Amino acid sequence: MDIDKVRELDHRFLFQNYGRQDLCFERGEKEFLYDLSGRRYIDLVAGIAVNSLGHSHPDIVSTICRQAGRLMHVSNLYLVREQALAAEALAGVAPAPLEKALFCNSGAEANEGALKLAVKATGRGRVVSTKNSFHGRTSVTLSATGQPKYQSGFEPLLPKVFDFIDYNSPEQLKSAVTRNTAAVILEPIQGEGGVVPASEEFIRAARDLCDERGALLIVDEVQTGMGRTGKWFGFQHYGVVPDIVTLAKALGNGMPIGALLSTPEIAASFKPGSHGTTFGGNPLAAAVARTVIEVMRRDKLVERSAELGSRWSQELRSLAVHGGAIKDVRGRGLMIGMEMGDEAKRFQEAALESGILVNVCGGRVVRMVPPLIVSEPSVRELNSTLKRFLEA
Ligand SMILES: Cc1ncc(COP(=O)(O)O)c(C=O)c1O
C-alpha cells in the first residue's frame, strides 16, 4: 500500500484530531525509521521521548514474543508476577522512599492517579500547577495543564480546583500553597511548553513549602523520566525527592504503560477498590517495562544520555553563535530544545529534506528527544544539517 492510499483511508475513516505530517513509516531499527517507499530517516523524535532503546530493540522484541506466547493479559483480580517484578525493578532505580508502584496505561492516567492519591492522602481539595505546563488530555489532567489552547472548548468539563502560578516563580508558589493545598504538580523540564528547565530555587521552594504546609509534591516525569535527562528522573538534578512521581512514555519503549511511584505511607491511602484499571500493568506491558529497565542498566544508557547530551548541547551552542537564528539551547541529557522563533518550523522542514526528524514544541522550539542509543554519526548529521541551515 502506498502513502496516497493510507492518506485516503486516514481522511475517510479516522477522526481528524491530529495535525499529521505527510509521512508514513513501515519499520524502524535503532534510531532509524523507514517510510513506505523505503527512504531512511534519522529519528530524533522517538515517538516524543518514547523509544529510548530505539526501534525494534532485540531484547524488547524477544520479551514481547516470549510473553505474548505465555500470557498477555490477566485481570488485576489476581496476583500478576510480571507486574510485581516490574515494580521491584522500578524501586531499584528510584530513590528511597519511592518504593511503591501503581501501573496504568498512559501519562495522563498516571497523573490522574497521582492527583486522586494526593486528595485521598491529604483530605484536601486544591492543587497548584504551573502556567505553560502539560499534564495530559483527560478532563482532570487537562485542567492541570497550564495552556489555555488545549482547554478551549472543553470548559464545562474542567474541574476548578487548580491554582496556576508562573513556572520558576518561588514567590508565587509561596502565596499559592496553603493549608487547603493537596499537591503541587510540576514538570522538572516543561516539555510541551518548549523545553524549559525548572530552576533549582523553584524546585527546592516547592519541596520546602509542601513540607511546611502539609501538601504533597507530585513530579510529572512522563517526558523527563527513565534516563531522558541524564539521570533516572529529572528531579534528581535538584537533590529533592517528591512524594509522588508519574511515568509513562519511555517506561514501555512503545508498549503503552504508565506508572505512579510513591512512598509506602502515601500509597496506603489507596485501599482495595480505591483506584484501578483493567489493563494497567498487564503481564505483557509489565514484562516490557522490566526489560526496558534491565537493558538501560546493563547498557548504561542513563550515563550515555548525560554524557552525549551535554557534549551535543555544547556543540549546538557553538553552532548557535553563527547567524543568530538560535536564541538559546536548553535542556538536560538527551532532552534538548533550540529556541528558534519563526525559524523553528523552517528548520524542521530543512531537516526533513535531509532525512532527519525533529519536532517543534511551544511553536518556537526545535525539540530533540532521540533514542538514548542514537549513534554519533547521526548526531553529526544533524549538526551538519543545522550548520548548512544557519549559513543559508
Ligand atoms: C509531561 C507530560 N505529562 C503528561 C503527558 C501525557 O501523557 P500521555 O500522552 O501518555 O497521556 C505528556 C505527554 O506529552 C507529558 O509530556
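Note: hydrogens, waters and symmetry copies are ignored here, and every other heavy atom, side chains too, is used. Just so you know, residue 1 is the first one in the sequence shown, and it goes up from there. Bear in mind the structure is a predicted one, so any value in this text is a computation, not a measurement. When a ligand or atom number is given, it counts from 1 through the structure's own listing order.
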Open item on the list: Only heavy atoms of E192, strictly under 4.0 Å: list the atoms of ligand 1 that pass.
Closed with: 14 (O)

TODO: Check each atom of ligand 1 against the heavy atoms of V222 and keep those under 4.0 Å away; list them by number with element.
DONE: 2 (C), 3 (N), 4 (C), 5 (C), 7 (O), 12 (C), 15 (C)

Task: Best match, I48, T141, D220: closest heavy atom to atom 3 (N) of ligand 1 - done: D220

Open item on the list: Ring centroids only, cut at 6.0 angstrom: are F32 and H55 within range, meaning strictly under it?
Closed with: no

- [ ] Grab the two heavy atoms, one from R124 and one from T178, that are nearest each other, plus how far apart they are.
- [x] NH1-O, 3.7 Å

Task: Non-hydrogen atoms of A206 and L217 that approach each other most closely - done: CB-CD1, 4.0 Å

- [ ] May I ask you to list the atoms of ligand 1 that are less than 4.0 angstrom from any heavy atom of S106?
- [x] 10 (O), 11 (O)

TODO: Check each atom of ligand 1 against the heavy atoms of A108 and keep those under 4.0 Å away; list them by number with element.
DONE: 6 (C), 7 (O), 8 (P), 11 (O)

TODO: Spell out, as yes or no, whether a donor-acceptor pair under 3.5 Å connects the side chain of K271 to the backbone of A268.
DONE: yes

Task: Closest protein heavy atom to atom 16 (O) of ligand 1, given as residue, atom name and distance to 0.1 Å - done: Q223 NE2, 2.8 Å

TODO: Can you sort out which atoms of ligand 1 are near N111, meaning under 4.0 Å from one of its heavy atoms?
DONE: 3 (N), 4 (C)

Task: Sole residue of I3, D4, D35 in side chain to side chain contact (heavy atoms under 4.5 Å, CB included) with C24 - done: I3

Task: Check: S354/E381 side-chain N/O donor and acceptor closer than 3.5 Å - done: no

Open item on the list: Is the contact between K249 and ligand 1 made by the side chain, the backbone, both, or neither, using heavy atoms and a 4.0 Å cut-off?
Closed with: side chain

Task: Nearest-neighbour protein heavy atom for atom 7 (O) of ligand 1, which is reported as residue plus atom name and distance - done: G107 CA, 3.3 Å

- [ ] Scan side-chain atoms only and decide if Q223 and R367 contain a donor-acceptor pair under the 3.5 Å cut-off.
- [x] yes

Task: Proximal atoms of ligand 1 relative to E187 (non-hydrogen, under 4.0 Å) - done: 1 (C)

- [ ] Give a yes/no on ligand 1: does E109 have at least one heavy atom closer than 4.0 angstrom to it?
- [x] no

- [ ] Check I185, V127, V184 against I218 for a side chain to side chain contact (heavy atoms under 4.5 Å, CB included) and give me the one that passes.
- [x] I185

